[in-house]
Structure formats: structure tokens, C-alpha cells
Undergrad: 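Can you read through this structure? Questions will come right after.
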Amino acid sequence: MCGIVGYLGKKQACPILLNGLKRLEYRGYDSSGVALINGGLEIHKCKGKVSDLEAMIGKKNVVANMGIGHTRWATHGEANDPNAHPHTSNNGKLVIVHNGIIENSDSLKKLLLTKNYTFTSETDTEVLINFIEFVKKEEKVSLDQAVRIALNEVVGAYAIAVISLDDPELIVVARLGSPLVLGLGNNEFFIGSDATPFLDLTKKVIYLEDGEIAIISKNGISIRTIESDLPVDAVIHKLQMDLDSIEKGGYDHFMLKEIFEQPTSISNTISGRLNIKNCEVRISGLDEISDNLISADRIIIIGCGTSWHAGIVGEYLIEDLGRVPVEVEYASEFRYRNPIISSKDVVIAISQSGETADTLAAIKMAKSSGACVFGICNVAGSSIARESHAGAFTHAGPEIGVASTKAFTAQVTVLVMIALYLGRKKENLSEKRFREVAQELKMIPAKITSMLNLDPKIKTIAKLLDKATNALFLGRGFNFPVALEGALKLKEISYIHAEGYPAAEMKHGPIALIDENMPVIILAPGGGLYEKLLSNIQEVKARKGKVISITGCDQTEVKEFSDAVIEIPETIECLTPLLTTIPLQLLSYHVAVQRDCNVDQPRNLAKAVTVE
Ligand code: AGP
């Protein structure tokens with residue numbers, strides 16, 4: 001939701017903080033700020049992007065070796081200068097940056113008001129820093145102890161960094177429910193909501209765990225538990241990401257780069273996990289819970305947004321190939337509807353970021369009811385990856401664009417392998433069928449490469465949607481969830497209202513919407529439902545609807561009834577989502593670009609929704 005950074009060392013802190021914030025802008029970007037200590041306390045913050053903050057700091061010679069920074073996605077209080085982080089306590093000495101939500105900030109604020117505290121913002125964060133100041137005064141304790149004691153009174157989610165004018169060589173950080181990573185350099189230390197702010201400066205990281213507080217000084221890092229103040233042995237990991245993997249690589253936008261990365265990312269997802277000769281899927285996380293999987297009465301797939309769409313593809317795959325009952329739930333609904341969960345259930349939680357609050361909370365609820373939880377994440381060390389009993393990383397590489405693309409196809413790829421694994425383990429899938437699917441899955445990256453040559457044609461077709469205010473996406477079977485995903489892509493980056501529907505549902509209402517102003521994107525690859533999709537296309541044309549068809553090379557009838565046709569390579573039906581998705585990603589991208597929308601950072605959205 002928001003991004004926080006910090007630095008303590010020998011270099012100039014300000015440029016390191018600003019560069020780090022730019023790399024975190026995909027997490028939130030309606031305001032940003034930095035706080036530096038250099039004998040005095042220097043704070044610069046403003047509404048807008050990090051580039052606006054950089055311009056504000058401009059030529060000021062900000063000399064400091066320690067500081068913290070923040071880029072915000074508003075939760076409490078609108079996006080404006082006073083609500084921008086960092087926030088300072090009343091005595092002007094304590095400063096905080098925060099990612100998360102303090103649920104009991106109102107009650108804390110009421111207490112502080114009785115102690116004559118004043119507030120200049122609407123944020124829960126300013127309440128928290130003043131509460132820390134209050135505790136420090138009342139308890140007469142050190143900065144880190146004041147933070148720890150205060151956090152024991154806090155209800156909510158947080159990742160915070162706190163500095164003080166009285167402790168110019170100390171940064172205190174803590175987390176519960178929001179991510180925080182510490183980087184270890186040569187006598188210098190880095191803080192980030194993830195590792196991207198400093199991954200070109202050090203590859204050694206510590207992932208702070210929920211309920212931990214860390215004291216960072218020139219002598220090193222000391223980690224303790226927030227609740228009991230017990231020492232924690234830090235585990236140092238070596239980062240695999242490198243800098244160019246997060247740069248745009250010559251593309252105009254991260255989203256386009258990530259669409260074009262899909263042949264590579266899907267190859268990486270598959271790599272080392274398919275043994276076609278022995279009809280085996282090698283995913284260690286599946287082996288860890290194979291008994292649970294084999295004895296499971298059902299599988300419940302949970303996720304949000306695009307991850308939920310991948311979950312529906314997973315439902316069709318696992319029931320088709322694995323013959324295990326599957327239910328798919330929005331994590332945000334599942335966590336609150338008092339569902340019936342038992343130890344005979346396996347929950348598959350899908351999340352690109354591994355930090356989505358609703359998905360994380362749904363996992364914790366499922367675990368408390370005895371279910372076995374398997375996480376499918378794209379970020380190593382993420383909260384969901386660490387909260388799940390077992391899991392598989394999608395290995396799609398960092399996905400910076402807010403609109404998820406390569407993560408979706410990587411998630412579907414993992415779900416294909418899970419379906420194959422289950423089918424073989426439960427003896428519901430023949431070796432012949434296993435090999436047919438596995439061999440075709442290995443061909444998918446090459447088929448996507450060939451499809452990316454359609455980009456110029458799709459850019460032209462996108463013009464058909466330029467003035468659209470609505471759009472319908474229709475699909476059947478495995479491509480029904482792809483229709484949902486295509487609609488989400490279009491609406492979240494071009495701001496055109498779009499809906500995905502099972503094609504057969506048209507006659508149950510949506511067909512009333514069809515006229516010459518309603519573009520309808522229909523997924524009609526070859527396969528068992530082709531004839532029915534052809535009649536759906538004719539129904540739309542009969543009502544003057546504008547039809548854009550995504551179809552196979554041999555489906556000549558579709559071309560006759562369509563205003564535009566995008567041909568995709570043939571594949572087996574259960575793998576068509578990996579192909580039909582690509583033109584929808586490119587279509588939404590080009591529509592957004594031609595409408596001059598902010599493709600990588602669409603309005604109101606953030607890459608990781610780490611609050612409810
Ligand atoms: C997808 O393009 C959106 N950015 C959004 O729906 C996203 O899929 C959703 O917030 C879930 O995120 P996660 O996969 O990181 O949990």
C-alpha cells in the first residue's frame with residue numbers, strides 16, 4: 001500500500017532515499033517525503049510523485065548520513081502535504097514513516113488530546129508517533145523501548161521506521177502485517193518495504209518477521225520481539241533479483257515489458273518442475289503436503305483481483321485433470337462469511353505480492369480451522385509465503401506495473417502443474433494425458449513469442465475502443481475467467497467500464513446492452529464450445545454490436561462475423577487461457593496509452609493492497 005525506505009551509513013542519505021522511493025512508487029504514489037538528521041532535523045514532503053519531492057528538494061544541499069522516507073497511498077486522510085509522511089511528534093524530536101493502518105488510532109488520539117497533544121494531519125500515523133513520544137516521557141525509557149511498549153498498545157497493521165533528534169545514529173523499525181526488509185551493506189544499513197530500493201547496493205537482506213522490532217545502529221542490527229522483548233537470531237538471505245530486472249529495459253512502460261517477458265517468465269515457472277518421461281511434477285511444496293492433497297475432500301482457492309481469476313482457471317484445471325472438487329472464493333468474502341472449513345480441506349492462496357491483507361487474513365483463519373494452506377506467490381520472503389504451510393513461487397520476476405500480467409500467466413502455469421500432480425497422485429490422470437498436457441505446456445512460451453508479433457495489429461485494433469465508455473468480454477469454459485481478467489485489465493488502466501461474462505449468460509440480461517456503441521471482445525479459440533461461441537458472435541452482430549474476436553487460425557466463420565480478429569496459435573483447450581490472455585493484455589495496454597492514462601500507476605490503485 002505505501003512504501004518506506006531508510007538509510008544509515010557513511011554515504012549521503014538523501015539521494016539513496018529518493019532513488020529508493022522511486023523504486024517503491026508502484027506501492028503508492030499520491031504523496032511522498034523524507035526526514036534526515038544532520039545535527040538538526042530536516043523534513044521535506046509534498047503531495048504528488050517522488051519526482052515532485054525531488055524537485056522540491058532541488059538544489060538544497062541536504063547533507064546527512066541517516067534518514068527515512070515514504071511514498072503514500074492514502075488510507076486515513078486525503079492526499080495532501082499535511083497528510084504526507086514523515087510525521088513528527090509534538091516535541092519536534094521523533095519522526096515516523098508508516099505503512100499500514102492503526103485500527104485504534106481514534107482511542108489513542110482521544111487519550112493524547114487529554115494530555116494536550118495537538119495534531120496537524122488526519123493520519124493515524126501522526127497519532128502513533130505522538131503516542132510513542134508520550135510513552136517515552138511517561139516511562140522514561142529509550143527510543144526503542146518506547147516504540148516497543150507503544151506498539152503493544154496498538155491494534156492494526158504496521159511497518160514503521162522511527163528516528164529521533166536525540167539518537168542521531170539510530171533507526172528503530174518494527175512490523176506487524178506489513179512487509180519490511182533490512183539490507184546489510186559494508187558498515188551501512190538499508191530499509192525497504194521490499195528489497196528493490198537497495199538491491200543494487202547490497203544483496204544481503206533480513207526479512208523482519210511479524211511481531212519483531214529491530215534497532216539499527218552503526219554497530220549493527222539487533223532484533224527483538226515486540227511483545228516480550230526477547231532477542232531474535234537474524235537470518236541473513238542472499239537476494240537473487242538484480243537491478244536491470246526492475247528497470248524498464250527499453251520499453252515505454254513496465255507493463256509492456258512484463259507482457260513481453262512472459263515467454264521467459266513462464267519458462268522460468270516451469271523450469272525443473274516437469275519430468276515428462278516419468279510423468280512427474282517436481283514442486284517440493286506439493287510433496288510437503290501430498291498426504292493432505294491426496295486425502296483432501298475439496299480444495300478451496302482464495303485470492304483477490306487477478307489472482308482470483310487465476311483461481312477460477314485453477315478450478316477448471318484441477319477438476320478436469322485432477323478430479324478433485326474445487327471452490328474458488330474472494331479472500332475478502334471468505335474471511336468474513338464464517339465458512340465451514342475442516343482439516344480435510346486444502347486451501348490454495350494465490351497472491352503476486354504475497355502481501356494482500358484480505359488474502360493473508362483468510363489464510364490465518366483457514367489455518368486456525370485446521371486447513372492445510374498452500375501459497376502461490378511471486379515474492380520470496382513475502383508475508384503470505386511465510387504464513388502458508390507450504391507453497392510454490394511463480395518465479396515470474398519482479399512485477400512492477402500495477403496491472404498484473406506475467407504474474408497471472410505464471411500463476412495459471414503453476415495451477416496446471418498442481419492439477420497434473422493431483423491427477424497422477426490420485427490416479428485420475430493417465431500417463432498419456434499427463435504427457436499431452438505437459439508437452440504442450442512446454443510449448444506455450446514459444447507460442448506466446450509468436451503472438452507478441454501481433455502487437456502492432458492489436459495497437460491498431462485498440463483504436464476501436466478509443467471512444468468506448470463500456471465494453472463486454474465474453475468467454476466459455478476455461479476462457480470464462482480470462483474474460484473476467486480481460487475486463488479487469490481494461491477497466492483498471494484505461495478507466496473504461498468493462499464486464500466479463502460467460503458467453504451463454506448474454507441472453508439472461510447483458511444482451512440488452514448491445515448496440516453499435518458496445519464493443520464486445522469474444523474469446524473463441526477452437527475447441528468443444530466453438531460452435532456455441534459462433535452463435536454468440538452472431539447474436540451480438542444481429543444487434544449491431546462491434547465484435548473483436550480472439551480465435552484460432554482455422555476458425556474462418558468467426559472472421560466473417562467479426563469487426564476485428566486476433567488469431568492465436570492452436571493449443572489444447574485447458575491451456576488456452578495462457579494464450580487468449582496475451583492479446584487482452586496488449587489490447588488494454590494500447591487503449592490506455594492512446595487515452596493517455598498512467599499505465600504503470602493507474603489512479604486510485606496500488607500494486608499491493610496491504611490494508612482492507
Ligand atoms: C490486478 O491487475 C490488480 N492489480 C489487482 O486486482 C491484484 O490482482 C489484486 O490486488 C491481488 O494482488 P495480489 O495478487 O498481489 O494478492
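Heavy atoms only: backbone and side chains are in, while hydrogens, waters and symmetry mates are out. Counting starts at 1 for both ligands and their atoms, following the listed order.
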Undergrad: Could you list the residues that satisfy salt bridge (Lys or Arg N to Asp or Glu O under 4.0 Å) with Glu212, not counting sequence neighbours?
TA: none

Undergrad: Given Ser588, Ala349, Cys304, identify the one with the heavy atom nearest to atom 9 (C) of ligand 1.
TA: Cys304

Undergrad: Tell me whether Lys489 reaches ligand 1 (any heavy atom closer than 4.0 angstrom to a ligand atom).
TA: yes

Undergrad: Assess Thr359 for proximity to ligand 1: is some non-hydrogen atom of it under 4.0 Å away?
TA: no

Undergrad: Please say which of Gln352, Gln411, Lys489 ends up in a side-chain hydrogen bond (donor to acceptor under 3.5 Å, both in side chains) with Thr306.
TA: Lys489

Undergrad: Based purely on interatomic distance, does Lys607 place a nitrogen or oxygen under 3.5 Å from a nitrogen or oxygen of ligand 1?
TA: no

Undergrad: Considering only the protein, which heavy-atom contact is closest to atom 4 (N) of ligand 1, and what is its distance?
TA: Val402 O, 2.8 Å

Undergrad: For atom 6 (O) of ligand 1, what's the nearest protein heavy atom and its distance?
TA: Gly305 CA, 3.2 Å

Undergrad: Do side-chain atoms of Thr394 reach the backbone of Cys377 as a donor and acceptor pair under 3.5 angstrom?
TA: yes

Undergrad: Are Lys367 and Glu387 ion-paired here, with the side-chain N under 4.0 Å from a carboxylate O?
TA: yes

Undergrad: Does the Glu399 side chain pair with the main chain of Ala407, one donor and one acceptor, at a distance under 3.5 Å?
TA: yes

Undergrad: Considering only the protein, which heavy-atom contact is closest to atom 16 (O) of ligand 1, and what is its distance?
TA: Thr356 OG1, 2.5 Å

Undergrad: For atom 15 (O) of ligand 1, which candidate among Gly303, Ser353, Ala403, Ser404 holds the nearest heavy atom?
TA: Ser353

Undergrad: Provide, to 0.1 Å, the distance between atom 10 (O) of ligand 1 and the closest protein heavy atom, together with that atom's residue and name.
TA: Val609 CG2, 4.0 Å

Undergrad: Could you identify the single nearest non-hydrogen protein atom to atom 3 (C) of ligand 1 and state the distance to 0.1 Å?
TA: Glu492 OE1, 3.4 Å

Undergrad: Which residue and atom name correspond to the protein heavy atom nearest atom 7 (C) of ligand 1, and how close is it?
TA: Thr306 N, 4.1 Å

Undergrad: Hey, is the main chain of His98 close enough, under 3.5 Å, to the side chain of His70 for a donor-acceptor pair?
TA: yes

Undergrad: Does Leu523 offer a backbone N or O that forms a donor-acceptor pair with the side chain of Asn479 under 3.5 Å?
TA: no

Undergrad: Checking Gln594 side chain against Ala462 main chain: does a donor-acceptor pair fall under 3.5 Å?
TA: yes

Undergrad: What atoms of ligand 1 come closer than 4.0 angstrom to any heavy atom of Ser307?
TA: 8 (O), 13 (P), 14 (O)

